[in-house]
Structure formats: structure tokens, C-alpha cells
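Below, read A as the first sequence line, B as the second, and so on, with proteins coming before strands; counting in each chain starts at 1.
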Amino acid sequence: MEKTSASNFLETIVADDLAAGRVETVVTRFPPEPNGYLHIGHAKSICVNFGLAETFGGRCNLRFDDTNPEKESQEYIDSIQADVRWLGFRWDGEVRFASAYFQQLYDWAVYLVEQGHAYVCDLNAQQAREYRGTLTEAGKNSPYRDRSVAENLDLLARMKAGEFAEGEKVLRARIDMASPNMNMRDPILYRIRKVAHHQTGTDWVIYPTYDFAHGQEDAIEGVTHSVCTLEFEDHRPLYDWFIEHLPIAARPRQYEFGRLNPSYTVTSKRKLKQLVDDAVVSGWDDPRMPTVAGMRRRGYTPAAIRKFCQMIGTTRSDGVVDVAMLEFAIREDLNENAPRAMCVLNPLKVVLTNYPDSQVEDLVAARHPSRPDLGERVLPFTRELYIDADDFREEANKKYKRLVLGKRVRLRNAYVIEAHEAVKDSAGKVVEVHASIIPDTIGNDPADGVKPKGVIQWVSASRGRQATVRLYDRLFDHEAPDKGDRDFLQHVNPDSLRVVERAWIEPSLVQALPEQGFQFEREGYFVADRYDHSEESPVFNRTIGLRDSWAEQGGEGQ
RNA sequence: UGGGGUGUCGCCAAGCGGCAAGGCACCAGGUUUUGAUCCUGGCAUUCGGAGGUUCGAAUCCUCCCACCCCAGCCA
């Protein structure tokens with residue numbers, strides 16, 4: 001409709017279905033199970049599903065696939081909704097729950113029994129596994145496979161009534177124990193679970209399995225294109241089987257795409273939960289987590305995440321996406337939109353010996369080099385200030401473009417200064433630098449023609465503020481931390497978090513609001529922490545560093 | 001070894017019989033009061049391999065190879 005050329009195979013399919021009149025309006029759904037927080041992989045799925053609806057003027061539902069109460073909880077239901085909204089997507093109507101369809105699903109199960117397509121099986125889990133056969137050997141029919149419809153109906157009703165213990169009986173479809181597709185070997189439709197459900201309480205003691213529920217949920221909601229990941233491909237024949245054998249008019253179709261595997265990260269709910277439970281990180285929303293909540297706290301923006309998903313495309317091949325692409329997406333967004341500010345992480349005091357002790361000049365600087373609409377801020381300039389210790393050397397080669405004893409450097413948005421003396425402590429460590437300003441160098445090069453080597457950031461010692469700055473890095477130091485039989489916990493990067501308790505920030509930063517992003521010039525992009533930041537005690541998280549070709553080249557001249 | 005998939009530059013990805021888009025990364029220059037940004041240029045005679053069909057193949061056919069998924073009463 002709005003699009004003339006499809007950008008991936010799913011769009012091609014939808015466009016064709018629309019053009020051929022097979023569907024009137026495209027309806028998709030994002031169907032998370034509320035058993036964990038959403039991660040970057042889900043973000044891709046969200047972009048794919050909501051994106052398809054958006055692109056073709058259709059609808060997308062948010063449906064909790066809550067068929068297994070044991071691992072689910074309200075906390076996850078809340079976080080998932082917040083994350084989807086934060087990413088900028090709006091689901092159609094109210095949030096849906098698979099559990100709201102439990103009665104309909106049960107009625108359909110009864111129908112299948114009546115049609116002779118399902119039976120109650122008494123095999124326990126162990127026996128069922130043995131009867132199922134292997135990948136290369138056909139399974140054997142359950143001895144309970146030929147119970148009469150009447151007996152099955154009675155047994156199913158009694159399962160529902162709670163007459164049997166967990167694991168004692170299950171309801172299975174009667175399909176083909178010799179099918180080369182394991183999913184078709186009389187799959188389980190209902191199992192007994194005597195636990196309360198977060199939505200239905202104790203109404204049910206039998207719960208439908210994913211296979212028996214998903215397609216029917218789609219049908220109930222009028223979903224036309226049920227998009228999921230590749231590992232469900234083998235389930236499609238079963239998905240279709242249920243739709244075909246049930247009195248259902250709707251005809252949803254399942255399509256699969258390759259899931260996202262970013263390098264240097266893990267995206268399995270089990271592993272992410274383990275990182276949380278083992279306190280490797282502070283929680284699901286720890287800024288190092290690849291969760292949507294974690295990325296949010298880290299300073300990633302919805303626009304960057306969506307851009308990233310668009311960059312990687314949607315295909316049926318599954319590979320590993322270089323996290324550098326995600327990093328590019330966030331740098332691109334923040335470079336364009338984040339106000340600039342100055343922060344000194346490793347303070348070294350500089351005393352400007354030719355600058356009056358009582359003088360304060362309110363210098364004005366743009367908040368962004370190419371976005372005048374972002375306005376300006378005031379930078380108080382004083383006799384004593386801080387620069388980064390890494391930006392000063394008593395001596396260095398010509399490639400070092402910072403302050404060197406006897407040489408000049410430009411203080412960003414302020415004067416050019418020249419260093420005269422390095423004051424050291426008893427251990428010989430430089431603790432203070434004495435320098436002088438070159439007059440009339442704000443906006444001008446020195447009159448004597450001796451230009452400064454470089455530009456460094458600074459913060460007034462008397463007017464600046466102290467802040468806590470958290471320097472985050474990749475959580476894992478291995479490109480594929482959980483590939484094969486690797487123990488991903490062995491690859492947790494020991495330097496994934498470094499906290500700078502007393503960084504100096506320019507005074508304008510006290511006005512920062514939680515979740516507001518900045519570029520601390522020459523350092524990187526930072527965000528005021530969503531929870532811990534306040535005007536009284538500022539806390540910034542490093543989202544991502546600036547590209548640093550100097551460091552990449554080994555920092556020649558250090 | 002049964003079934004289902006996938007193989008195009010280091011990574012992602014267009015391409016659908018007419019002679020290899022683009023992005024990331026990387027490299028080389030230029031601009032720059034951020035060693036950032038920005039700009040310019042470079043980066044697959046070759047499409048998992050081998051045959052075949054064709055005037056012509058990454059695109060069609062055959063065989064082979066590699067990798068991923070499936071034996072939960074998880075989703």
C-alpha cells in the first residue's frame with residue numbers, strides 16, 4: 001500500500017497477499033511469554049511485526065503467550081509492555097492474553113477428541129520419551145492411543161476437574177508416531193499443572209502447550225501473518241494441522257525469519273536470568289545487559305535500536321551480527337542529537353598563574369556544533385580548573401596533540417594556555433600544572449602565530465561540580481561467549497564496569513534530567529542515570545565511547 | 001545416519017538468466033576549537049564446491065560439502 005518495493009521477503013509475502021486479495025488487512029502480533037525481560041532479539045521481532053503492520057496499514061497485537069504459569073509473572077508482563085511502548089510501538093486495542101482463550105482452547109480440544117483426533121495418554125514423561133523414538137527411528141504408538149471417544153471425553157473432563165496428579169495423564173493429538181518430523185509424533189496438547197496462574201488463578205489445572213495454543217490464538221485474533229523465528233519452522237506442519245482439523249474459519253499463516261545473534265553478547269532468557277540471579281549484573285536493567293530495559297538505562301535510544309534493526313535486515317539466514325553495527329547506530333543518533341558538554345574523568349588541577357584569583361568569566365558555548373536550535377550554555381572560566389591527567393605530559397613527541405610542558409593547547413571553548421611547571425608530590429607524580437592563558441585567544445589564534453597543538457576539555461575547579469560516572473564496556477570479552485559448549489560465565493569481562501566517583505562536570509550539567517543523553521566531548525556519549533541521577537548527586541552512565549582512531553593506532557605519542 | 005533450513009567481501013545484506021547495490025568494519029587522503037563529526041577515494045574478475053544446460057548462470061539442473069534447528073508434559 002504505502003510501499004512500492006518490499007525491503008525483505010516478509011514484505012514481499014504481505015504485499016503479494018494484499019495484491020491478490022488473500023487478505024484485506026495485514027494483522028500481526030508480538031507474542032512474548034512473560035517469563036523474562038525483553039532483549040535486543042525481541043526488539044528485532046517487535047520491529048519486524050509492528051513494522052509489517054505499520055508499513056502496510058495493518059494492525060499488530062501484543063499478546064502474552066502465557067500458557068505455562070510456572071515461569072511467568074506480573075513483573076514480566078509490566079516490563080514487557082513498558083519496553084514495547086518505549087520502543088515507540090502501539091499495539092492494537094487492549095493487551096491480549098492467551099489465557100483469556102483457555103475455555104475456547106479447551107472446547108476445541110474436546111472437539112478433536114470427538115473427531116477421534118486426540119486421546120488421553122497415561123504414559124509418564126520417561127515412557128513417552130521412549131515411545132517417541134529418535135531422529136532416525138520411528139516412534140511406537142502409545143498403548144492408550146486407541147481408547148474410545150467416550151473414555152477420552154470422560155478422562156479429559158476429569159483431567160480438567162483435577163482428578164489426576166501432575167504428570168499422570170496428558171492429552172495428545174493422534175497424528176503419526178512414524179513421522180520424520182518429531183513434532184508430528186502425537187504431540188501433547190494439554191498437561192496437568194496444579195499451580196495458580198497469574199491471570200486465571202486456580203480456574204485451571206490443565207494448561208495447553210505452545211503447539212496447541214499458538215495457531216489458534218492467532219486465528220481467534222484474526223492474525224493473518226504469524227511471524228516467528230526459524231526454530232519454529234518444524235512446527236509449521238503442526239500449526240497448520242490444528243487449524244485444518246478444527247472448526248476454524250480464519251486461516252493464519254506462519255512465516256519464519258532468522259533470529260538476531262549479536263557478537264559479544266548472550267540472548268537466551270535462561271542465561272540472562274542467570275546473570276541476574278548470580279548477581280553478575282545488578283538486575284535485568286543493568287546497563288550492560290542486552291535487555292531493552294538495560295539498553296535504555298545505558299542510554300540507547302528507541303530510534304537507534306530501530307535503526308539498527310533496519311540495518312541488519314530480516315532474512316531467513318542466521319548469522320552473527322557485529323555489535324559494532326549497534327554501536328554505530330547509537331553513535332549516529334547521539335552525534336546528531338546529543339548536546340555537548342565537558343567532563344573531566346581523571347582530574348589534574350591547572351593553575352593559571354596570570355589569571356586573577358577573583359575573576360570569573362562567563363563564556364558562552366553552543367550546545368551542539370551544528371545544531372544551533374539546541375541553544376547555548378554558560379561556561380564559567382576561573383584561575384583554577386581541571387583537565388584530564390591524560391591530557392598533560394611533561395614531554396611528548398609531535399604526535400601528542402595535548403598539553404606539554406612549555407607548549408600550548410586550546411581549552412575547548414576558551415583560551416589557549418601554555419604550561420610552565422609541573423608540580424610533583426614526593427613520589428614524583430604530577431599533582432598540579434602551572435600555566436598561563438594567552439590573552440585574547442577566545443575565538444582567535446594567538447597573536448604571535450604560535451598555534452596550539454590541540455584542544456582539550458576542562459572544568460572550573462570552583463564552579464564545576466562533582467559527579468559519579470560509570471564507565472561501561474562490553475559484558476563479555478569473547479565474540480561468541482556461549483557458542484558451543486563454552487561456559488559463558490567464564491567470559492564475563494572483568495572490566496565491564498569502572499566507576500569514577502569524583503569526575504568533574506561543567507555546571508550546566510546539573511540541569512540534566514534522568515535519561516537525558518549528552519556527548520562529553522572527547523570522551524563519549526553519556527546519559528543521566530534513569531534512577532540514580534539527581535541534581536544533588538549527579539550520576540552519568542557511559543552509553544558508548546567516541547570512535548578513537550588515536551587509541552586504535554596505539555596512542556602514538558603517549 | 002531421519003526431517004527441516006541456510007550458504008554472495010571480515011560482518012550484515014541486495015540480486016530472482018544478461019554480465020556483483022548498499023551498510024558496518026577496515027585502509028588512504030581532506031576539513032575541523034571534539035585525535036569526534038563531516039567530505040573524498042579504496043575495499044568480491046567473483047557469488048560453499050564440482051559438473052551440466054545456455055550465446056550468456058550468483059541466478060536453471062545434478063551431485064557433493066559446511067553450518068544451524070528438531071528426540072521438553074518450555075516457548
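Taking the six-membered ring for Trp and thresholds of 30 and 60 degrees, A:Trp458 and A:Phe381 have ring planes more than 60 degrees apart, a perpendicular arrangement. Ring planes of A:Trp241 and A:His117: perpendicular class, angle over 60° (limits at 30 and 60°).
Within the nucleic acid shown, A:Leu238 has no heavy atom closer than 4.0 Å to any nucleic acid atom. If you check every strand for non-hydrogen atoms under 4.0 Å, A:Thr315 touches sugar and phosphate atoms only. Note on A:Met311: only backbone sugar-phosphate atoms sit closer than 4.0 angstrom, heavy atoms only; bases stay farther off. As judged by a 4.0 angstrom heavy-atom cut-off over every strand, A:Leu123 is placed among the base-contacting residues. Within the 4.0 angstrom heavy-atom criterion, base atoms lie near A:Pro369. Residue-level contact check: A:Val320 touches the backbone only, with heavy atoms under 4.0 Å from sugar-phosphate atoms and none from bases. A:Thr67 comes within 4.0 angstrom of sugar-phosphate atoms only, judged by non-hydrogen atoms across all strands, and of no base. Using a 4.0 Å heavy-atom cutoff across all strands shown, A:Asn413 reaches at least one base atom of the nucleic acid. A:Gly319 comes within 4.0 angstrom of sugar-phosphate atoms only, judged by non-hydrogen atoms across all strands, and of no base. Residue A:Ala125 is in base contact, counting any heavy-atom pair closer than 4.0 Å across all strands shown. A:Gly258 comes within contact range of no nucleotide atom at all, as no heavy-atom separation falls under 4.0 Å.
Comparing B:A75, B:C24, B:G2 by their closest approach to the side chain of A:Thr136 singles out B:G2. With B:A75, B:U37, B:U34 as the choices, the nucleotide that has an atom nearest any side-chain atom of A:Val455 turns out to be B:U34. Nearest to the side chain of A:Arg340, among B:A75, B:U34, B:C12, sits B:U34.
Look at A:Arg367 and you won't find any side-chain N or O under 4.0 angstrom from OP1 or OP2 of B:U34. Look at A:Arg193 and you'll find a side-chain N or O under 4.0 angstrom from OP1 or OP2 of B:C74. Contact between the side-chain N/O atoms of A:Arg547 and the OP1/OP2 oxygens of B:G35 is not found at any separation under 4.0 Å. In this structure, A:Ser370 does not reach the B:U37 phosphate: none of its side-chain N or O atoms is under 4.0 Å from OP1 or OP2.
As rounded to whole Å, 16 Å separates atom P of B:G3 from atom CE of A:Met184. One interatomic measurement links the two molecules: CZ of A:Arg402 to P of B:U34, which rounds to 14 Å at whole-angstrom precision. Regarding A:His368, its NE2 atom lies at a distance of 10 Å from the P atom of B:C38, rounded to whole Å. Rounded to an integer number of Å, the gap from CD1 of A:Ile544 to C1' of B:U37 is 16 Å. Put simply, CE on A:Met325 is 9 Å from P on B:A25, counting in whole angstrom units. Taking atom CD of A:Gln254 as the reference point, atom C1' of B:A75 lies 12 Å away to the nearest angstrom. As a whole-Å value, the separation of A:Asn8 CG from B:A13 P is 11 Å. Rounded to a whole Å, the CD atom of A:Glu233 is 6 Å from the C1' atom of B:G4.
For B:A75, the base is not stacked against the aromatic ring of A:Tyr210, per a cut-off of 5.5 Å between centres and 30° between planes.
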Under 3.5 Å, which N/O atoms of the protein pair with N/O atoms of nucleotides 64-72 of chain B?
| from | atom 1 | to | atom 2 | distance (Å) |
| --- | --- | --- | --- | --- |
| B:C68 | O2' | A:Asp318 | OD2 | 3.4 |
| B:A71 | O2' | A:Arg132 | NE | 3.4 |
| B:G72 | OP2 | A:Arg129 | NE | 3.4 |
| B:G72 | OP2 | A:Arg132 | NH2 | 3.2 |

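Taking the P atoms as reference points, B:G4 lies 15 Å from B:U62, given to the whole Å. Taking atom P on both nucleotides, B:U8 is separated from B:C67 by 15 Å, rounded to a whole Å. Across B:A58 and B:A66, the matching P atoms stand 24 Å from one another, rounded to whole Å.
One cannot find a donor-acceptor pair under 3.5 Å joining the base of B:G4 and the side-chain atoms of A:Arg236. Below the 3.5 angstrom threshold, one finds a donor paired with an acceptor across the side chain of A:Gln519 and the base of B:U34. Between the side chain of A:Arg316 and the base of B:U6, no donor-acceptor pair under 3.5 Å is found.
When the nearest nucleotides of RNA chain B are assigned to A:Lys44 and A:Gly167 by heavy-atom distance, the more 5′-ward of the two goes with A:Lys44. Of the residues near RNA chain B, A:Asp548 and A:Glu70, the one whose nearest nucleotide (by heavy atom distance) lies more toward the 5' end is A:Asp548.
A centroid separation of 6.0 Å or more is found between the aromatic rings of A:His214 and A:Phe242.
For the residue pair A:Glu33/A:Asn35, the side-chain donor-acceptor check at 3.5 Å is satisfied.
The only option from A:Phe97, A:Phe64, A:Phe102 that meets the ring-ring contact (aromatic ring centres under 6.0 Å, His included) definition with A:His197 turns out to be A:Phe102. None of A:Lys194, A:Glu166, A:Arg191, A:Met159 except one satisfies the side-chain contact (heavy atoms from CB on, under 4.5 Å) rule with A:Ile206; the exception is A:Met159.
For A:Glu130, the CD atom sits in a packed shell: over 12 heavy atoms of surrounding residues, nucleotides or ligands are nearer than 6.0 Å. Environment of NZ in A:Lys407: sparse, with no more than 12 heavy atoms of neighbouring residues, nucleotides or ligands closer than 6.0 Å.
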| request: Decide yes or no on salt bridge (Lys or Arg N to Asp or Glu O under 4.0 Å) for A:Asp186 and A:Arg174, but give the supporting numbers first. | output: CA-CA 5 Å; A:Asp186 288 12; A:Arg174 191 200 315 275; over 6 Å; no
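A salt bridge does not link A:Asp333 with A:Lys307: none of the charged nitrogens is closer than 4.0 Å to a carboxylate oxygen.
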